Amino acid sequence: MTDEITSPSLAGFLNRVGLPASARERVMEIDRELARELESDHPDTDGCASLVLEAADLIADRDLAGFDWSGWGDDDDDVFEEEE
């Protein structure tokens, strides 16, 4: 992993999930690409959406059954809000 980490909380999450190094690097690069794109005057929304889906796929490919969710909120309301 490079020393240039754009979001320590993202890096911490990726480490905690146990993503392989190559997937971590790609998700971090996607984060940097999204940040650059969103700072522009005319972001490529389709391109950003594709990057988000790629990152989600990389993370979703991990078996999170053994993931330690402690400290990430114990109440379902912290994660999901029901529509009224």
Side-chain angles (χ1 to χ4, degrees):
M1 203 152 145
T2 66
D3 290 334
E4 183 184 331
I5 295 177
T6 59
S7 175
S9 61
L10 176 60
F13 173 77
L14 297 175
N15 285 331
R16 192 170 180 182
V17 170
L19 233 53
S22 60
R24 274 195 318 264
E25 286 296 324
R26 180 58 188 146
V27 172
M28 296 302 292
E29 178 57 30
I30 288 170
D31 181 59
R32 290 187 286 270
E33 289 178 39
L34 286 171
R36 282 190 298 270
E37 193 63 40
L38 294 174
E39 289 175 355
S40 73
D41 291 335
H42 303 288
D44 174 10
T45 54
D46 288 337
C48 288
S50 293
L51 289 171
V52 168
L53 291 174
E54 180 185 348
D57 283 344
L58 288 167
I59 294 169
D61 282 344
R62 286 291 302 150
D63 177 16
L64 298 181
F67 182 71
D68 177 13
W69 287 100
S70 63
W72 289 86
D74 296 325
D75 189 0
D76 288 343
D77 292 337
D78 291 343
V79 180
F80 303 105
E81 293 183 23
E82 292 184 26
E83 293 183 23
E84 296 182 25

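Starting from 1, each residue takes its place in the sequence as its number. Just so we're clear, the structure is a prediction, and the values are computed from it rather than from any experiment.
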**Asked** Which heavy atom in I30 sits nearest to a heavy atom in E54, and how many Å separate them?
**Response**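 So the minimum-distance heavy-atom pair works out to CD1-CD, 3.7 Å.
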**Request:** Kindly give the heavy-atom pair with the smallest separation between L19 and R24, and that separation in Å.
**Result:**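 Smallest interatomic distance, heavy atoms only, reads O-NH1, 2.7 Å.
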**Asked** Are R26 and E33 close enough for a salt bridge, meaning some N to O gap below 4.0 Å?
**Response**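 Here R26 pairs with E33 in a salt bridge, since their nearest N and O are under 4.0 Å apart.
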**Request:** Answer yes or no: is there an ion pair linking E39 with R32, defined by an N-O contact shorter than 4.0 Å?
**Result:**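 Answer for the salt bridge query: no.
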Which donor-acceptor pairs under 3.5 Å do the side chains of residues 46-53 make with protein atoms, sequence neighbours left out?
{"from": "S50", "atom 1": "OG", "to": "D46", "atom 2": "O", "distance (Å)": "3.1"}

**Message:** For the backbone of V27 and the side chain of D31, can you confirm whether one donor and one acceptor N or O come within less than 3.5 Å of each other?
**Reply:**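 Checking the backbone N and O of V27 against the side chain of D31, no donor-acceptor pair under 3.5 Å is found.
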